[in-house]
Amino acid sequence: MKVYEIHLRFVKSFLIEDKDLILVDAGTPGSGKIIIDKLNKMGKNPSKIKFVIFTHSHIDHIGGASEIRKTISEAKFGIDENGVEYLRSGKIREPILHSSVLKFIFSIGKPFLFKRFDGVNVDFVLQEGELIKGIEILKTPGHTNDSISIYLRDIDVIIVGDTLQGTKNGLKYPNIYEDFNELQKSVEKIKSLKPSMVYVSHGISSSKFLV
Ligand SMILES: [Zn+2]
């Protein structure tokens, strides 16, 4: 089993390669084609993707979902129950900001950042526990109430989406969160696994916790 980071403009998607392929997150609106192109360049056949799952329903994680659906219609799309409505209808989940710099960036970037996007049919709801053998879903709310992490026990790595943010020195709390208490609990849950690598959507993936 292996994890690949797929670098998009300012966010990442991830590919889990096992017997099947699993795509994690779909980037901003317009990223769908970029992801498919990158997979092809990596020598991974997009039609082998069995599941497309989402770490949470912020637009930079689900915006490209409908474009991916058009290319790989066979794959099953899954998200936490609290994210279903956002993914299905293309509804915007407003990020809850806790940084003045971010508030400024979002205030000027809003029309660009929050372009409407098409929703997709949700095939299944992610539950805590094994999705398929060796691939475990952990509910890790806080950043949003639909944030999940994907733990690959056999290779001792975890994909946490935005529950942690990567810096050049290690992993810190994100500046965007809905519930800090929940976020802290989720980070403790992740830390308790002592993963050898924590894959984050923004910044540098690492195994070093600064929090
Ligand atoms: Zn987010």
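Both counts, for ligands and for their atoms, begin at 1 and track the order of listing.
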I'd like the atom name of the N/O/S atom in D162 lying closest to the Zn ion (ligand 1). OD2
Would you kindly check if the NZ (Lys) or CZ (Arg) of K91 is within the cone defined by 45 degrees around the ring axis of Y86 and under 6.0 Å from the six-membered ring centre? yes
To the nearest 10°, how many degrees is the angle H143 NE2 to the Zn ion (ligand 1) to H56 NE2? 100°
Please confirm if an N, O or S atom belonging to H58, backbone or side chain, lies less than 2.8 Å from the Zn ion (ligand 1). yes
Got M42 and N40 here, is their nearest side-chain heavy-atom distance under 4.5 Å? no
Heavy-atom closest pair, residues A75 and I49: CB-O, 3.4 Å
Do any of the N/O/S atoms of D60, backbone or side chain, fall under 2.8 Å from the Zn ion (ligand 1)? no
Check whether the side chains of D25 and H56 place a donor and an acceptor atom closer than 3.5 Å, and report yes or no. no
